[in-house]
Structure formats: structure tokens, C-alpha cells
Number of protein chains: 2
Amino acid sequence: MASTKTRPAKQAKPLSRIQEVNRKAILDAALEVFATSGFRGATIDEIATRCGMSKPNLLYYFKSKRDIYQQVLEQTLEEWLGPFAAIDPNADPVEELRRYITAKLVMSEKRPEASKLFANEILHGAPVIHGFLETHLRQLVHEKAGVIRQWVSDGKLAPIDPYHLIFTIWATTQHYADFDVQIRAVIGSQAGKPGFYEQAAQAVLSIILNGIRPR
Amino acid sequence: MASTKTRPAKQAKPLSRIQEVNRKAILDAALEVFATSGFRGATIDEIATRCGMSKPNLLYYFKSKRDIYQQVLEQTLEEWLGPFAAIDPNADPVEELRRYITAKLVMSEKRPEASKLFANEILHGAPVIHGFLETHLRQLVHEKAGVIRQWVSDGKLAPIDPYHLIFTIWATTQHYADFDVQIRAVIGSQAGKPGFYEQAAQAVLSIILNGIRPR
DNA sequence: GCGCTGCTTGACCATTTGGTCAAAATGAAC
DNA sequence: GTTCATTTTGACCAAATGGTCAAGCAGCGC
């Protein structure tokens, strides 16, 4: 994604102290607003207000609403896919998947906005990150699918379609972030309690890992 | 939900032929538009145009955008929860869950808009159906959780938290509708092919059912 | 202090869009 | 065909919102 990191545009202008601070503040606020309201529902004004800034001032740093949105998305994407990219072909399959699933559940608990941001983007047809999905993500998934397929060949996992396994893991883990309102409504106060996510992790791991253990 | 079915308001006015036709056309169009654009993104104009109607004419049948949205949501809810409500305590657990999961995957394939509509509503905090979630859905889930717990007690299923099992099933099955764009981008043309959903069903069933089979 | 560059903003504009209304068209009953 | 209720619409309004701009302000090197 992007050229280097979060530069405004071309020609690596050094990006002053105040710029760095303000751009970060904007992106942080934008993540929350976009995650809870979606792209259409979010307003520049709300993002601006949330970081104590006027609308024109915010537009001094980003040229449009779409621009902010895109950069938040790209920035969050790396972080979000980190644990997936880190899946190690040489580790023990079940342990490695346990690690990955746990990591994703922790992310869903700690940063649900990131998950919601993507969910919303994809739900509406991925207008902004469609290209990324078809190239980078596709390549990455293809690679990891190969790893899983190898594990299956080696008899270290039950025979399972790697792609659907990946989708199942994504679906279950992200569900806890994206649908937290529903979960909270259904199970009530327990959902907020400290041990809740550990309990969720245990259940999800139990289902998926036992579902794919060699037999 | 709602008083009887889809009456405009109070006092069961018989609802003329033309009303019946038009209301249905509007609700059908609205489902699609709301599902793809979300509540904020949808416009009355688009819904109206899509069923060959003028905006004021549409507002003759429904008093506001919110009103249409709410009725589409309520109408689809019943249909969506049907298979869940139909889970039979007396059937064989593994077979019954296989039936349910399969039914949900079929729905995700045939009517992805319904799934997307809910996903969007919940993602944005369930402003409209929050009450429903906390009462009816909560009660229903509680009831079915009891069934699963009983199955576990009887040794017919591996020990698993009923709620998390339900969430896992919802997450995986609905993922195929809500994130279809991502799936298509990642695995390419295969996603459209006829056998794809059967393959998905097989993989999901394999993981979940083997994950909960008594051992 | 001076001047210059970079940062900030009030005022403003254009577009979109939910919703209203009075008047016209249509259909049904007789 | 006349009459009345139902249905349809063009024209319109008000609010929200993305985005612009010229002018003001602030920091900083000298």
C-alpha cells in the first residue's frame, strides 16, 4: 500500500512536527467515526470536532473525506493482517493455528473498530480496497493456503479445504468484534465481564481445532 | 414484531389490491437498496425508481425512510430466524445441526441481501432492532442454548458452550453472504461456480461437526 | 522587531436528500 | 356520465454536508 508510509503525496516532504501530530490525531478519530457510522454516515465535522479541530483545518491535512477514509483503511490493514502473515509453515500446525486464532480474538477485543471498519467496507462492495483484495490479499491467502495444504498432506491436519478453513477462522473471530452489540444483547451482562473473551477463545478453539485435528 | 403483519398502522383497513402490490414492490426494492448501501447510503429516490415509482408516491405508502427500513427489517427477520427456531430437541444433535448449518448456507447463497441488511444494522449498533435483540432473540437463543446444553449432558455432543457454538455457526454461515466480495476477490472465479456453496458447506460442516462430536 | 512560511478559521457555496403539498389523474361505484 | 375516494406527481422547502477561499494568526529564522 501507499508509497512509504503516510506521506501526504509525492516528493518526501519532511512533514513537520505539528503535521505529524495532527495527522495522527485525525486518523485516530477517523477510525472511530468511520467504524461506528460507516463511510456515508460519517461526517468530516464529527471527525474534526473529535480531535478539537475545525473542518477546514482538517481538510488542510487531507484533501477529501475519501482521502482520510482510504488512509485509515490502508494504515489499519497492515496491522490487521500481521498475525496472518506471520503464520509459520514450520511450526506445529495446531499450535500455530491456536496462536493465530487467539491473536485475532485479542484484536477483536482490543480494537473492534478496526474490524468494523473492514466489515463495513467489504459489506458495501469494498469500493476502496477492492484492488488490494484482488492482489495483495489474494496472494497472501494463496500462500497460506499452500502452507495449510502441505500440513494436510503431511497428515498433520485432517483433510480440509484451506480456503474455507481460513474463512471460518476469519468469520468466527471477527464476529466477536463486528456483532458485539448482538452478542451483548443476547447474553447480557456477561459479555462485558473480564473472563468473557477467554471463554470465547476456549470455545472457538475447541470447535475449530478439534474439527481439524488429524483423525 | 409489529401488530399483525404489514398493515400501515392502526385499525385493520382492508388494504386495497393496488396497495398490496405497491407495498410489496417497495419493500422488495428497499431490501436490495438498504442491503447494498446501508441505511444512510440508501436514498428514497433510488428505492422509488427501482420500482418505477415517484418519491412522493412512495411516501404515500410509507411515512418515512425509517418506516420502510423498519418494516423491511421486521419482515426479513422472521424468515431469517425460521430455521433456528425450528431446531428440534428430539432429533439427533449432529444431524440437526447439519440441517441447520446447511439451511443457513443455502440462505446465504439465495438471499445474501437479507444477511447483509442485518449485518449492517448490527454493525452500526442495531438502532432499530435493538429491542428485538434484547427480548425475542435473547429468549429464543436462551431456549436453544438449553437444548444444546441438554445434548451435551446426554453425552451426544462434546462439552461446549452453547452460546459460543451458536455464535460460531452464525458467524461462519453469514460470512459467506456478508463478505462475498472478499471471498470472490480472494479465490476468484471459482466462487461463482455452481458447486462452490456445496464445497463451502462440506468444509464448514466438517470443521464444526467434527469439532463438537462427542469424544 | 521583521518578514516569511505554514497553520487555522469564519463565511460561504453547491449539491444531495428527506419530506410536504396542492393539484391533477385515475379508478370504482352508481 | 357523474361523483367521490384513491393514487400519482411536479414543484418546492429546509437541513445536512462536502468542499472552497480569502483573510487572519502563529511560529521561527534573522
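Remember, it's a predicted structure, so these values are computed and weren't measured experimentally. By convention in this document, chain letters (A, B, ...) are assigned in the order of the sequence lines, proteins followed by strands, and residues within each chain are numbered from 1.
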Q | Lys/Arg N to Asp/Glu carboxylate O, B:Arg111 vs B:Glu79, below 4.0 Å | A | yes
Q: In whole angstrom, give the distance that lies between atom CZ of B:Arg23 and atom P of D:dT7.
A: 11 Å
**Q.** Basic-acidic side-chain contact under 4.0 Å: B:Asp161, B:Arg149
**A.** no
Q. Nearest-Å distance, CD (A:Gln19) to P (D:dA26)?
A. 19 Å
Q) In terms of side-chain heavy atoms, does B:Tyr69 have a donor or acceptor partner in B:Glu121 at a distance below 3.5 Å? A) yes
Q: Determine, stepwise, if the pair B:Asp88 / B:Arg99 fulfils salt bridge (Lys or Arg N to Asp or Glu O under 4.0 Å).
A: CA-CA 10 Å; B:Asp88 178 6; B:Arg99 202 190 50 71; over 6 Å; no
Q. Who pairs with A:Glu109 by salt bridge (Lys or Arg N to Asp or Glu O under 4.0 Å), at least two apart in sequence or on another chain?
A. none
**Q.** Distance, rounded to the nearest Å, where B:Ile26 contributes CD1 and D:dT7 contributes P
**A.** 11 Å
Q: Let me have a per-nucleotide readout for nucleotides 8-23 of chain C, 5' to 3', with B, S or -, counting only protein heavy atoms under 4.0 Å.
A: BBBB-----SBBBB--
